[in-house]
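Predicted model, so just to flag it, every value in this text is computed and none were measured. Letters A, B, ... mirror the listed sequences (proteins, then strands); counts begin at 1.
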Amino acid sequence: MPEKPTLDGLEQVWVARWEADGTYLFDRSRPREQVYSIDTPPPTVSGSLHVGHVFSFTHTDIMARYQRMIGKAVFYPIGWDDNGLATERRVQNVYGVRCDPSLPYDPEFVPPDKPGKREIPISRRNFVELCHKLTAIDEQAFEEVWRRVGLSVDWSLLYTTIGDGARAVSQRAFLRNLRRGEAYLAEAPTLWDVSFRTAVAQAELEDREWPGAFHRISFYGEKGPVWVETTRPELLPACVALVAHPSDERYQDLFGTSVLTPLFGVEVPVLAHHLAEPDKGSGIAMICTFGDITDVTWWRELRLPTRPVIGWDGRLLPEPPEGVEPEPYKEVAGKTVHSARERIVELLRESGDLGGEPRPVTRTVKFYEKGDKPLEIVTTRQWYIRNGGRDAELRERFLERGRELAWHPPHMRVRYDNWVEGLTGDWLISRQRFFGVPFPVWYPLDDDGQPVHDAPIAASEEALPVDPSTDVPPGYTEEQRGVPGGFTADPDVMDTWATSSLTPQIAGRWASDDDLFQRVYPADLRPQAHEIIRTWLFSTVLRSHYEFDKAPWSDVAISGWILDPDRKKMSKSKGNVVTPMDLLEQHGSDAVRYWAANGRYGVDTAFDAGQLKIGRRLAIKILNASKFVLGLAESDGPGPAEVTEPLDRSMLAALADVVREATEAFQVYDHTRALEAVERFFWAFCDDYLELVKARAYEPGPGAASAHAALRQALDVLLRLFAPFLPFVTEEAWSWWRDGSVHRAPWPAPEPGDGDPAVLAVASEVLRRVRKAKSEAKLSMRAEVSRLTVAGPEAGLVRQAQDDVCAAGNVEEFVLDHGDELTVEVRLG
RNA sequence: GGGCGGUUAGCUCAGCGGUAGAGCACUCGCCUUACAAGCGAGGGGUCACUGGUUCGAACCCAGUACCGCCCACCA
């Protein structure tokens with residue numbers, strides 16, 4: 001036991017010791033009912049950890065430690081989400097490169113020290129190598145933070161979403177979905193990011209305000225011009241119809257007729273549809289293939305033809321769509337959307353078809369959440385998984401799955417319900433990218449060398465993971481790749497959610513270690529943030545439903561966000577982020593954890609440096625109180641002493657109540673209430689009980705022996721109660737007098753005893769009145785009280801602790817009196 | 001437009017039917033043999049607003065106003 005306890009250096013000491021001792025290793029010999037299994041979120045390593053991560057991961061760790069102490073074998077893995085677009089983008093920025101799949105592999109390629117002005121095109125394999133290289137560096141930094149936070153994860157269970165295991169699980173799950181008809185390939189209008197040149201899913205959309213302008217343009221009807229307002233005049237060559245609301249008086253005569261588009265002179269019908277809104281613009285809209293999602297709806301429901309004009313790169317296609325003359329289309333061919341719009345407006349102005357000048361507006365436009373240009377809609381062939389978006393019965397089954405889960409807090413389920421009820425289409429899982437899990441399929445090539453998409457060749461499950469661009473499908477040879485009558489690989493990779501929707505299967509080694517899997521699946525807990533309920537949570541439920549016909553976990557705990565003091569979400573772009581490592585080094589891990597532990601599930605919490613100071617103070621107090629207690633009892637005789645004094649028994653009875661309350665709170669995932677109960681008791685223990693027994697504990701005799709025994713019992717229990725929250729300081733104090741780790745010690749049971757908690761409560765109250773009197777007289781707490789008179793119904797209780805009260809208050813003469821309520825008279829001097 | 005939270009002391013939050021709470025901050029005092037990175041004491045609130053239910057409302061009900069978030073087919 002050190003002379004002057006300190007927090008400094010505890011993290012390094014204990015992190016190393018826990019690793020060496022295997023303190024948190026999962027015991028895989030235990031049956032499922034003795035296991036507590038956690039489906040930990042794999043953080044995206046191509047970003048940086050922020051304070052919010054520490055906040056939510058600490059919540060999970062607190063629960064993991066509690067479960068371990070109540071005797072569960074805790075399956076607490078961690079993973080790194082390293083596959084996907086975020087990594088690709090980071091590789092591009094860090095190394096100044098760009099993936100060009102048409103280039104050959106260059107084994108000699110070394111990226112420049114600093115990214116140049118122009119991105120260097122490299123082959124897909126070179127690019128993927130750089131992705132691996134960079135994520136390995138990032139993952140190391142992440143691990144350091146998590147270890148220092150004191151997460152009790154079993155590092156031997158580490159997985160990555162691009163690793164062999166994850167790829168195999170991803171591909172296997174997909175193949176099963178495909179076989180059962182839950183996954184399918186379809187050519188359809190798809191939301192498309194023109195910068196990343198990939199399709200994106202509904203779940204990855206976000207609305208942003210974007211400047212635009214209303215353009216009033218005239219179409220030619222038999223009875224004169226029809227004025228249409230549009231924000232996207234460049235899509236005029238893609239126009240396939242006009243549409244107005246069926247009850248709109250102004251257009252009754254036009255329904256069923258057709259009009260000619262300006263400039264292009266294409267004949268398009270005027271149709272009625274209930275989604276057209278009479279009070280928007282002129283009440284009549286042009287339908288283009290495709291300007292927005294409503295266009296897609298109209299196009300589908302009104303069975304309109306397709307006139308695509310926008311290509312994968314966001315530019316207008318070099319050739320006009322069918323039915324549109326090359327003149328004047330050549331004016332806009334190959335142009336970006338922006339310059340095509342300018343040109344069309346010029347042409348409309350020249351031809352007199354522009355009514356007035358464009359009126360600038362700000363409107364809401366759909367973006368890919370990681371993108372910086374508005375999404376276009378392009379018809380492409382993509383893989384989908386059925387999610388209920390087009391099937392009411394299936395949707396109801398997913399809602400039912402949501403109801404099977406215990407949500408913490410319960411109202412978070414509403415977000416799940418809203419999402420499932422609002423789905424508009426199946427889940428698009430393919431991405432036209434490079435660093436991801438490839439689809440494990442190939443397509444036969446017909447005699448003309450065209451792929452037969454209706455008959456994909458699936459990989460065999462034994463061969464997983466496969467890369468179809470280098471592996472060969474069953475029954476073919478490499479020589480047949482790309483030749484008529486041979487085969488070709490599916491070029492796409494899966495969206496990262498298609499892999500992370502399988503984290504319980506990946507961490508539990510589904511299909512590669514079924515003995516493990518059946519001990520840890522379904523999991524007990526899914527901890528996560530609320531903004532990814534629609535993505536991660538829902539997709540995991542979906543995959544589990546299809547493969548195992550059950551929910552993937554029993555409980556879902558949703559941590560809130562960390563807001564900066566202005567109540568805005570902390571984010572890197574706003575520059576208001578404190579890095580976790582700074583925080584941990586500056587305040588100590590236990591202090592940071594204390595702050596996190598005070599955040600309840602589902603509640604957004606303002607970042608508050610004040611809470612960190614309190615946590616640090618608490619941690620130091622635990623060390624000092626431990627030192628005091630352990631420094632006392634060394635002179636006691638052999639064998640455990642008995643707790644005989646009423647005050648000591650009273651304190652232990654109060655502590656038993658605290659154990660009961662903390663345990664109940666943990667059982668309902670309320671770590672904050674547990675901490676509050678323990679903390680409240682601990683401060684009273686230090687400020688009142690320790691002061692009351694101090695004198696007696698110093699004076700050898702039976703009274704001292706009782707105090708020593710009680711103090712030790714209390715310390716033993718308190719260290720264990722604090723252990724889930726403050727793992728470093730409790731382990732340190734535990735190591736001074738106990739064998740083994742406090743984190744492997746059993747969670748305390750409320751010790752039955754015959755103590756009356758009221759004795760301590762009343763003695764503390766009397767002491768408080770004495771202190772008040774001294775404080776008001778501006779005297780030292782050691783000042784002598786010549787006579788203390790206590791009266792009231794509680795007087796009998798005070799008598800049981802009379803000597804301790806007198807010693808703590810430095811009281812000369814003690815008098816008990818009768819009375820209806822507690823009165824304390826303090827005569828000083 | 002629909003939904004979900006929130007509004008309590010200067011700040012961060014607890015309380016969710018029975019006389020307003022904690023910590024921080026602030027003020028005053030104390031070197032008291034675990035801790036001065038400590039200890040003691042104190043000041044400070046018409047519990048957002050308006051109605052209603054009740055013997056009694058911060059707490060339940062209805063509505064209003066702000067704040068935050070989620071969702072949505074806003075040419």
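In this entry B/C13 has B/G21 as its Watson-Crick or G-U wobble partner, both defining distances falling under 3.5 Å. Here B/C31 sits opposite no nucleotide as a Watson-Crick or G-U wobble pair (both hydrogen-bonding atom distances under 3.5 Å). Nucleotide B/U7 forms a pair with B/A65, judged by Watson-Crick or G-U wobble geometry with both contacts under 3.5 Å. Base pairing annotation: B/G44 forms no Watson-Crick or G-U wobble pair, as no partner gives both donor-acceptor distances under 3.5 Å. In this structure, B/G1 forms a base pair with B/C71, meeting either the Watson-Crick or the G-U wobble geometry with both donor-acceptor distances under 3.5 Å.
On the P atoms, B/G17 is 44 Å away from B/A36, given to the nearest whole Å. Taking atom C1' in both B/G3 and B/A72, one finds a spacing of 11 Å when rounded to whole Å. When the C1' atom is compared between B/A22 and B/C66, the two are found 27 Å apart, to the nearest whole Å. Rounded to a whole angstrom, the distance from the C1' atom of B/C13 to that of B/C70 is 24 Å. Atom name P, nucleotides B/A65 and B/A25: the rounded distance is 39 Å, in whole Å. Taking the C1' atom of each, B/A41 and B/C4 are spaced 44 Å apart, rounded to whole Å. The C1' atoms of B/G6 and B/C74 are separated by 28 Å, rounded to the nearest whole Å. Between B/G51 and B/U12, the two P atoms lie 29 Å apart (nearest whole Å).
No engagement by A/Gly560 is indicated, since no non-hydrogen atom pair under 4.0 Å with the nucleic acid exists. Within 4.0 Å of A/Ile620, counting heavy atoms only, lies at least one base atom of the nucleic acid. At a threshold of 4.0 angstrom between heavy atoms, the contacts of A/Ala783 with the nucleic acid are absent. As judged by a 4.0 angstrom heavy-atom cut-off over every strand, A/Ser775 is placed among the base-contacting residues. Counting any heavy atom pair closer than 4.0 Å across all strands shown, A/Glu277 reaches a base atom. If you check every strand for non-hydrogen atoms under 4.0 Å, A/Trp595 touches nothing. When heavy atoms are screened at a 4.0 angstrom cut-off, A/Met781 is found touching base atoms of the nucleic acid. As judged by a 4.0 angstrom heavy-atom cut-off over every strand, A/Asp417 is placed among residues making no nucleic acid contact. Across all strands, A/Arg600 comes closer than 4.0 Å only to sugar-phosphate atoms, never to a base (heavy-atom distances). A/Arg680 comes within 4.0 angstrom of nothing in the nucleic acid, heavy atoms only. Contact annotation for A/Arg673: no contact, since no heavy-atom pair falls under 4.0 Å across all strands. When heavy atoms are screened at a 4.0 angstrom cut-off, A/Cys686 is found touching base atoms of the nucleic acid. Here A/Ile287 lies out of heavy-atom contact (under 4.0 Å) with every strand. Residue A/Leu623 is classed as having no contact, given no heavy-atom separation below 4.0 Å to the nucleic acid.
Taking side-chain N and O atoms only, A/Arg782 has no distance below 4.0 Å to OP1 or OP2 of B/G40. OP1 or OP2 of B/A36 has at least one side-chain nitrogen or oxygen of A/Lys4 nearer than 4.0 Å. Under 4.0 angstrom from either OP1 or OP2 of B/C39 there lies at least one side-chain N or O belonging to A/Lys621. OP1 or OP2 of B/C70 has not a single side-chain nitrogen or oxygen of A/Arg415 nearer than 4.0 Å. Between A/Lys774 and B/G29 there is no side-chain polar atom (N or O) within less than 4.0 angstrom of OP1 or OP2.
Taking atom CG of A/Leu7 as the reference point, atom C1' of B/C35 lies 12 Å away to the nearest angstrom. Atoms CD1 (A/Ile614) and P (B/A22) sit 14 Å apart, rounded to a whole Å. At whole-Å resolution of the value, CH2 in A/Trp683 and C1' in B/C24 are 13 Å apart.
Residue A/Trp419 places its side chain closer to B/A72 than to any other of B/C73, B/C70, B/A72. Checking B/C73, B/C70, B/A41 against the side-chain heavy atoms of A/Thr294 singles out B/C73 as nearest. When the nucleotides B/A75, B/G3, B/C71 are ranked by their closest atom to the side chain of A/Val414, B/G3 comes out on top. Comparing B/A75, B/C4, B/C35 by their nearest atom to the side chain of A/Ala285 picks out B/A75. Here the nucleotide nearest the side chain of A/Glu676, chosen from B/A14, B/A75, B/C4, is B/A14. Residue A/Leu275 places its side chain closer to B/C73 than to any other of B/U32, B/C73, B/A25. Of the candidate nucleotides B/A75, B/G5, B/C73, B/C73 has the atom nearest to the side chain of A/Ile293. Residue A/Thr605 places its side chain closer to B/C13 than to any other of B/G2, B/C13, B/A75. With B/A72, B/G42, B/A36 as the candidates, the nucleotide lying closest to the side chain of A/Asp207 is B/A72. Comparing atom distances between the A/Lys772 side chain and each of B/A41, B/A75, B/C73 picks out B/A41 as nearest.
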Full working for ring-ring contact (aromatic ring centres under 6.0 Å, His included) between A/Phe55 and A/Trp595: CA-CA 8 Å; A/Phe55 181 70; A/Trp595 160 75; 5.5 Å; yes
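Side chain to side chain, A/Asp670 and A/Tyr601 fail the donor-acceptor criterion of an N or O pair below 3.5 Å.
Of the possible donor and acceptor atoms, none in the side chain of A/Lys621 sits under 3.5 Å from a partner among the backbone N and O of A/Trp683. Counting only distance, with no hydrogens or angles, the side chain of A/Thr190 and the backbone of A/Trp192 share no donor-acceptor pair below 3.5 Å. Side-chain N or O atoms of A/Arg307 include one that pairs as donor or acceptor with a backbone N or O of A/Cys239 at under 3.5 Å. A donor-acceptor contact shorter than 3.5 Å links the side chain of A/His59 to the backbone of A/Gly599. In this structure, A/Arg593 contributes its side chain and A/Phe725 its backbone to a donor-acceptor pair below 3.5 Å.
For B/C74, the base has a donor-acceptor partner in the side chain of A/Thr364 [N/O atoms by modelled type, under 3.5 angstrom].
Here the NE2-CD distance, from A/His587 to A/Gln611, works out to 12.0 Å after rounding to the nearest 0.5 Å.
Using a 4.0 Å cut-off between charged side-chain N and carboxylate O, A/Arg616 and A/Asp590 make no salt bridge.
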